[in-house]
2 protein chains.
Amino acid sequence: MATISDVAAYAGVGVGTVSRVLNKSTKVAEPTRSRVLAAIEVLDYRPSPLARGLSSGRSHTLGLLVPFFTHASAIERLRGVVAGLHNSHYDLVLFDVESPMQRDEHFAALTGRDRADGLLVMSLPPPAVELARMVSAGVPVVLVDARGAGVAMVVTDDVEGGRIATRHLVELGHERIAFMGEPPDNPFGFSSSALREQGYREVLDANGVPRDARLVAYGAHDREMARRLATKWLTARDRPTAVFASSDVQATGILAAAGDSGLRVPDDLSVVGFDDIEISSYVGLTTVRQPLFESGRIGVELLLSALEVDRSRKPTRATKNQRPWSPPGPHGEVPEPIVRELPLELVLRTTTARLEQRTVGV
Amino acid sequence: MATISDVAAYAGVGVGTVSRVLNKSTKVAEPTRSRVLAAIEVLDYRPSPLARGLSSGRSHTLGLLVPFFTHASAIERLRGVVAGLHNSHYDLVLFDVESPMQRDEHFAALTGRDRADGLLVMSLPPPAVELARMVSAGVPVVLVDARGAGVAMVVTDDVEGGRIATRHLVELGHERIAFMGEPPDNPFGFSSSALREQGYREVLDANGVPRDARLVAYGAHDREMARRLATKWLTARDRPTAVFASSDVQATGILAAAGDSGLRVPDDLSVVGFDDIEISSYVGLTTVRQPLFESGRIGVELLLSALEVDRSRKPTRATKNQRPWSPPGPHGEVPEPIVRELPLELVLRTTTARLEQRTVGV
DNA sequence: TTGAAAGCGTTACCAC
DNA sequence: GTGGTAACGCTTTCAA
């Protein structure tokens with residue numbers, strides 16, 4: 001495979017010149033330029049991204065950290081990321097996280113400069129140490145569906161989401177409303193589910209609907225698990241008449257459990273989910289929609305613009321006699337981190353209905 | 001950020017030694033070793049993958065080329081890839097392909113050495129030029145759901161898949177069986193749909209079922225498009241009693257069209273899909289299952305083992321006085337490329353039924 | 001506008 | 001075992 005000096009030799013110019021035409025630097029005479037281009041063509045030359053990266057200090061790569069990559073909601077966000085990356089000339093490196101250990105490994109790797117020019121972190125509150133390291137290393141980071149001090153983020157109001165779902169159920173006349181979520185004390189620090197539950201509680205209390213601890217259950221983000229959990233509820237004597245699940249995946253499990261128990265939805269049981277993943281429209285699930293695709297797209301958008309700013313301010317590499325560049329801050333003029341809050345919306349489909357009076361107390 | 005020489009200086013050793021402990025080369029005395037480790041710890045040193053790659057000739061990266069990344073089947077394959085990559089220490093770089101131009105760009109980029117150590121190509125027959133270039137560059141390539149001369153591949157027998165689906169319908173007594181697929185003359189050279197159609201034709205002919213050109217339709221891999229196409233069929237006087245769709249996505253569109261037309265499935269219309277994506281089990285679609293997840297997992301598996309072999313044979317880089325290594329072949333001992341054919345299986349659910357005699361000729 | 005040369009941070013070779 | 005040093009292929013000064 002030809003190198004830049006092969007090209008230079010063939011074209012009868014110096015490597016610097018070849019580099020200049022490669023990087024569209026205008027300071028190259030037209031005849032020289034075309035000679036170089038011809039040489040590139042003939043030798044089928046392709047620049048080495050590795051060498052380019054090492055030399056310029058930019059890897060032209062974006063790192064994407066996603067927990068449970070296989071979840072429909074993560075995939076949907078990923079779609080948005082890929083869409084937002086089109087025509088950007090950045091490569092996307094994917095890091096799937098399935099365990100806290102893996103999370104830490106990946107964070108450690110990505111934290112060192114030059115693995116990625118920028119980092120997109122999904123649904124994962126970064127450990128404080130890692131976050132600090134990134135910020136101090138000057139690596140632009142954007143958090144999607146997660147929060148962290150001092151970095152840009154794309155979020156939704158989960159508490160409000162919980163309120164929206166629960167309010168809908170209360171307005172339909174339900175009083176025995178169950179909540180199914182994910183364990184609040186998980187090793188990753190995911191908090192969405194707990195926040196949605198908070199909204200659920202608020203609305204129940206505000207409407208004087210008595211809370212019943214037995215109507216709150218936690219399980220893994222998994223259809224079958226939700227199905228088992230729901231079955232316990234549905235076969236009990238004083239079963240709930242409605243359920244709010246903190247994810248559509250769990251909601252579909254609840255739907256399945258209802259079928260198992262011979263309960264009709266929405267006549268005998270109302271179900272509200274959260275997310276609005278693709279499957280939800282197929283099964284007619286009423287749910288709180290969050291803009292998953294958009295969150296990914298906006299995430300990269302923020303990251304790309306941060307990278308843009310970065311490039312114009314920061315020298316590509318420390319040159320010999322030049323005082324080292326340092327991040328923003330000596331005068332406390334740390335810019336307010338960007339926070340984009342995406343809207344939540346109740347999508348009414350066919351799994352919720354007004355509580356039939358005859359059902360009460362059966 | 002600390003470099004290897006910072007570490008060397010701090011530990012009072014040479015950079016070579018640091019490199020040795022980093023690469024777990026045993027040739028280093030225990031006391032030295034721990035001193036280096038301590039220095040690494042103190043300085044919070046992280047090796048630069050870029051520099052490492054440039055020097056060693058390996059980027060520790062695998063390239064994944066996927067067309068229409070957003071399709072459920074692609075995602076399912078990708079899940080397999082990610083699963084197969086766990087604990088492998090390779091980074092995954094994702095290249096989504098949405099147009100022939102994009103395909104060529106990405107192929108061109110990935111073909112140059114050092115972008116990726118190995119390449120996984122999905123559902124995309126590589127242009128002959130690119131394929132030749134990769135092979136001659138010695139970059140291991142594995143094709144998943146695509147075929148190409150001289151490279152490893154993971155495939156299924158699409159013609160047989162078409163036979164399986166059609167045979168099922170014929171055995172249920174259907175005679176007006178439609179086929180919906182994707183355009184046979186697409187710019188990417190996808191051939192799965194055409195091959196499945198071939199199987200469809202074979203079975204029809206073998207059973208003396210007359211073929212009707214009006215019962216063959218092509219449209220994009222898109223639910224709504226399929227819905228529109230199917231509506232034309234279903235509202236015609238001599239409508240088909242069964243449809244074989246070359247993908248589950250199209251099949252769900254057909255199901256929707258049936259609903260629009262007031263046709264009951266499977267009583268009035270039988271539908272068989274292809275793929276068995278997640279949604280299919282939700283809607284009870286009878287389909288020809290292909291191991292999507294497995295195809296991805298096995299694909300990386302093949303790639304990783306090719307990389308392994310590669311590493312043991314090929315010098316990491318040309319050293320000064322040493323004749324250049326060349327790919328296998330002077331004595332025609334080109335190894336037979338590995339071809340893994342994955343099994344197809346008919347998954348019976350609730351969208352197909354025996355043709356009711358009363359329906360005939362209505 | 002151009003060529004020469006100094007890095008970029010590693011690995012791998014070659015002596016000691 | 002270990003240190004020194006030449007690559008690796010590029011970008012970016014610095015002179016000319």
Side-chain angles (χ1 to χ4, degrees), chain A residues 1-9 11-36 40 43 45-60 112-115 117 311 314-322 324, chain B residues 1-36 40 43 45-60 112-115 117 311 314-322 324-325:
Chain A
M1 177 115 262
T3 73
I4 198 174
S5 47
D6 295 333
V7 173
V13 301
V15 292
T17 303
V18 177
S19 176
R20 269 165 235 138
V21 328
L22 247 31
N23 297 290
K24 321 223 177 298
S25 146
T26 43
K27 307 286 204 169
V28 161
E30 193 41 44
T32 319
R33 186 185 155 65
S34 45
R35 235 178 333 133
V36 171
I40 289 176
L43 300 177
Y45 167 73
R46 323 276 176 91
S48 155
L50 247 32
R52 192 198 284 264
L54 180 57
S55 178
S56 68
R58 315 193 169 291
S59 61
H60 278 270
R113 234 308 185 205
D114 109 358
R115 183 75 154 221
D117 291 345
R311 185 158 50 148
K314 191 161 39 178
T316 63
R317 80 170 172 233
T319 306
K320 227 174 202 161
N321 31 10
Q322 179 181 313
Chain B
M1 177 115 264
T3 74
I4 198 174
S5 47
D6 295 334
V7 174
Y10 190 94
V13 301
V15 292
T17 302
V18 177
S19 178
R20 268 167 236 138
V21 325
L22 247 32
N23 297 288
K24 319 220 177 301
S25 142
T26 44
K27 306 285 204 171
V28 54
E30 193 42 44
T32 319
R33 185 185 155 66
S34 45
R35 238 183 324 136
V36 170
I40 290 176
L43 301 177
Y45 165 73
R46 321 276 176 92
S48 154
L50 248 31
R52 194 199 283 267
L54 180 58
S55 180
S56 68
R58 314 192 170 293
S59 60
H60 277 271
R113 234 309 184 206
D114 108 358
R115 184 74 155 222
D117 292 345
R311 184 158 52 148
K314 193 162 35 180
T316 63
R317 81 170 171 231
T319 307
K320 225 172 203 164
N321 31 11
Q322 180 181 315
W325 177 90

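Each chain gets a letter, A, B and so on, in the order the sequences are listed, and its residues count up from 1. Please read all numbers here as calculations on a predicted model, not as lab measurements.
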Give the nucleotide from the list [options] with an atom nearest to the side chain of [X].
{"X": "A:T17", "options": "D:dT2, C:dT2, D:dT12", "value": "C:dT2"}
{"X": "A:I4", "options": "C:dT1, C:dG3, D:dT11", "value": "D:dT11"}
{"X": "A:S48", "options": "D:dC10, D:dT2, C:dG9", "value": "D:dC10"}
{"X": "A:N23", "options": "D:dC10, C:dT10, D:dT11", "value": "D:dT11"}
{"X": "B:A51", "options": "C:dG9, D:dT12, C:dT1", "value": "C:dG9"}
{"X": "B:S55", "options": "D:dG1, C:dT10, D:dG9", "value": "C:dT10"}
{"X": "B:S19", "options": "C:dT2, D:dG9, C:dT11", "value": "C:dT11"}

Distance in angstrom units between [X] [atom1] and [N] [atom2], rounded:
{"X": "A:D114", "N": "C:dG9", "atom1": "CG", "atom2": "C1'", "value": "8 Å"}
{"X": "A:K24", "N": "D:dT11", "atom1": "NZ", "atom2": "C1'", "value": "15 Å"}
{"X": "A:R115", "N": "C:dG9", "atom1": "CZ", "atom2": "P", "value": "16 Å"}
{"X": "A:L22", "N": "D:dT11", "atom1": "CG", "atom2": "P", "value": "6 Å"}
{"X": "B:L54", "N": "D:dA7", "atom1": "CG", "atom2": "C1'", "value": "9 Å"}
{"X": "B:H60", "N": "C:dG9", "atom1": "NE2", "atom2": "P", "value": "19 Å"}
{"X": "A:K27", "N": "D:dC14", "atom1": "NZ", "atom2": "C1'", "value": "15 Å"}
{"X": "B:R52", "N": "D:dC10", "atom1": "CZ", "atom2": "C1'", "value": "20 Å"}

Which part of the nucleic acid, if any, lies within contact of [X], taking any heavy atom under 4.0 Å across all strands shown: a base, the sugar-phosphate backbone alone, or nothing?
{"X": "A:V18", "result": "nothing"}
{"X": "B:S5", "result": "nothing"}
{"X": "B:V13", "result": "sugar-phosphate"}
{"X": "B:P49", "result": "nothing"}
{"X": "B:R46", "result": "sugar-phosphate"}

Considering only heavy atoms from C-beta outward, does the side chain of [X] approach that of [Y] to under 4.5 Å?
{"X": "A:L22", "Y": "A:I40", "answer": "yes"}
{"X": "B:S19", "Y": "B:N23", "answer": "yes"}
{"X": "A:P47", "Y": "A:I4", "answer": "no"}

* Does B:S56 make a side-chain donor-acceptor contact with the base of C:dT11, cut-off 3.5 Å? ->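 Result: no qualifying N/O pair found.
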* Side chain B:R20 and base D:dG3 donor-acceptor under 3.5 Å ->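 Yes, a donor-acceptor pair under 3.5 Å.
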* Asked: Do you know the tightest heavy-atom contact between A:L50 and B:L54?
  ->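 Taking A:L50 first and B:L54 second, the nearest heavy atoms are CD2-N, 3.7 Å.
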* Closest approach of B:G14 to B:A8 (non-hydrogen atoms, all atoms of both residues) ->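 Heavy-atom minimum between the residues: C-CB, 3.7 Å.
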* Asked: Is a donor on one side and an acceptor on the other found under 3.5 Å between the side chain of B:S56 and the backbone of B:R52?
  ->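 Judged by distance alone, yes, a pair lies under 3.5 Å.
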